[in-house]
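To keep things clear, I will list the structure first and then write my remarks on it.
No hydrogens, no waters, no symmetry mates; every other heavy atom, side chains included, goes into these values. Owing to the predicted nature of the structure, the values given are computational and were not obtained by experimental measurement. We number each residue from 1, following the sequence as shown.
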Amino acid sequence: MSPLSAPPLSARLAASRSAGLRHHRRLLTLLSLLLLAAAALTLCLGQSVTPPADVLRVLAGQSVPGASFTVGTLRLPRLLLAAMAGMAFGLGGASVQTLLRNPLASPDIIGITSGAATAAVFGIVVLGLGGVPVQLLAVAAGLGVAALVYLLSWRGGVAGARLILVGIGLSAMLQSATAYILLKAPAWSLQEAMRWLTGSVNGAQLAQALPLLLALLAFGALLLSRSRDLEAMRLGDDAAAALGVRLGRVRLLVTLGAVGLISTATALTGPISFVAFLAGPIAARICAPGRPVLLPAALVGALLVVLGDYAGQFLLPARYPVGVVTGVLGAPYLIYLITRVNRTGGGLA
């Protein structure tokens, strides 16, 4: 094709955007179908096999002997809590990583989940709390740790590398505090408190899913509404400001939304290791260039937790909490990413 007959630049850009949008929609559809397949696997297959027809009858509210207890009481609450916690960790983690333009700036790396977990363990062991008070304490602690990391990192501005190093140091201190509390814990509260070290959806109940659903509707909607601003900020602060992004306002809203999501999920399931860290980079690698990663990251996070929990229950020689499974997956990737970032200074993708 000669230069004279080539389509104009505007037409080529429009075609590229259209192709990227189609790829993004196909990706969201595929991730949603994979999550539905994982949900079907979890509801139908376990220590016993429940026919899909019986599962559908239970989901429709009918009473089915055996299946009503197995599916409605045991499997469904566990699935809902795992999926929503995965969405919260994935969405919150990807938001922070995109905001700071660094894949190492995950909430579980920079201390937010450690703060929520330490507060929850303190509430259970020392204060004798349970239920909603523990959850509120964990959320407040997550917000407090985020504010402290931000303040300690401030030197006329917040550099991503400085914030990560401060967060890692604070996280180590909080983990030491958690270990000390557990060391002094009475036997009756030790088992309940230990879940905050690994992350688990064991014993999930439908009532636990409601606070997480509300957090997803409130904080998740807030983060998704800032998705375009975050994508603009990946180009750098000057470019984002030139595009009309109000940097200070976006940083505040994204930080509040991400910390609220992560802290609520941690209060209900414990700090499920590396989901917030893994979901964003995985989503960035499978997304079309320039497309928002937040919603794909939420779906990837849900898949990681649902499949990790199923593997921990039925596919390994012994039963393990989901946090153990995701920790085994995430630790090698953390080592790889550290070496990659040191070598190339790479971003989220």
Side-chain angles (χ1 to χ4, degrees), residues 35 38-48 50 54-89 113 116-117 119-121 123-125 127-139 142 188-220 260-272 275 301-302 304-314 319-326:
L35 184 57
L41 174 70
T42 298
L43 294 176
C44 293
L45 298 179
Q47 288 185 318
S48 61
T50 304
D54 288 349
V55 172
L56 292 175
R57 289 168 61 193
V58 172
L59 295 179
Q62 300 180 28
S63 178
V64 182
S68 291
F69 176 76
T70 301
V71 176
T73 304
L74 298 180
R75 296 178 184 172
L76 182 61
R78 189 179 189 115
L79 168 66
L80 292 176
L81 188 60
M84 287 193 289
M87 287 184 180
F89 284 121
T113 53
V121 170
I124 294 168
V125 173
L127 302 180
L129 301 177
V132 175
V134 171
Q135 297 164 15
L136 294 176
L137 184 62
V139 172
W188 61 267
S189 63
L190 182 60
Q191 184 176 4
E192 175 65 17
M194 281 296 292
R195 67 177 301 192
W196 303 104
L197 293 181
T198 56
S200 172
V201 291
N202 292 337
Q205 300 176 356
L206 282 176
Q208 292 177 291
L210 181 59
L212 197 45
L213 175 61
L214 295 176
L216 282 169
L217 292 176
F219 296 123
L261 268 183
I262 295 293
S263 300
T264 304
T266 302
L268 290 165
T269 66
I272 300 179
V275 175
L304 286 172
V305 178
V306 170
L307 293 177
D309 182 52
Y310 188 83
Q313 289 184 83
F314 304 114
R319 290 199 169 192
Y320 297 99
V322 60
V324 173
V325 179
T326 57

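- Between the side chain of Arg75 and the backbone N or O of Leu43 there is at least one donor-acceptor pair closer than 3.5 Å.
- For the pair Ala116 and Ser263, the tightest heavy-atom approach, listed with the atom from each and the gap, is CB-CA, 4.4 Å.
- For the atom pair SG of Cys44 and CG of Leu56, the computed distance is 7.5 Å after rounding to the nearest 0.5 Å.
- Applying the ring pair (Phe, Tyr, Trp, His ring centres under 6.0 Å) rule to Phe69 yields no partners; only residues at least two apart in sequence or on another chain are considered.
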*Can Phe314 and Leu45 be said to form a side chain to side chain contact (heavy atoms under 4.5 Å, CB included), step by step?*
CA-CA 9 Å; Phe314 304 114; Leu45 298 179; over 6 Å; no
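- Residues Thr73 and Pro77 come closest through the heavy atom pair O-CG, 3.4 Å.
- The line from CD of Gln205 to CG of Leu80 is 13.0 Å long, rounded to the nearest 0.5 Å.
- Note: Met87 CE to Leu261 CG = 11.5 Å, rounded to the nearest 0.5 Å.
- The structure places OG1 of Thr42 at 13.0 Å from CG of Leu74, a figure rounded to the nearest 0.5 Å.
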*Could you please spell out the steps behind the side chain to side chain contact (heavy atoms under 4.5 Å, CB included) verdict for Met84 and Leu213?*
CA-CA 7 Å; Met84 287 193 289; Leu213 175 61; 3.8 Å; yes
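- Rounding to the nearest 0.5 Å places CG of Leu216 at 8.5 Å from OG1 of Thr264.
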*Yes or no on side chain to side chain contact (heavy atoms under 4.5 Å, CB included) for Asp54 and Val71, after CA distance, side-chain angles and deciding distance?*
CA-CA 9 Å; Asp54 288 349; Val71 176; over 6 Å; no
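- Take Tyr320 and apply the ring pair (Phe, Tyr, Trp, His ring centres under 6.0 Å) test, not counting sequence neighbours, and it matches no residue.
- The nearest pair of heavy atoms linking Ala85 to Leu212 is N-CD2, 3.4 Å.
- Closest approach of Pro321 and Ser200 over heavy atoms only: CB-CB, 4.0 Å.
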*asked:* Quick one, Tyr310 with Val322, criterion side chain to side chain contact (heavy atoms under 4.5 Å, CB included). Give me CA distance, side-chain angles, the key distance, then yes/no.
replied: CA-CA 8 Å; Tyr310 188 83; Val322 60; over 6 Å; no
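- Annotation for Ala117 and Thr266: closest pair N-CG2, 4.0 Å, computed over non-hydrogen atoms.
- For the residue pair Thr70 and Ser48, the shortest heavy atom distance occurs at CG2-OG, 4.3 Å.
- Atom-to-atom distance recorded for Leu304:CG and Phe89:CZ is 12.0 Å, nearest 0.5 angstrom.
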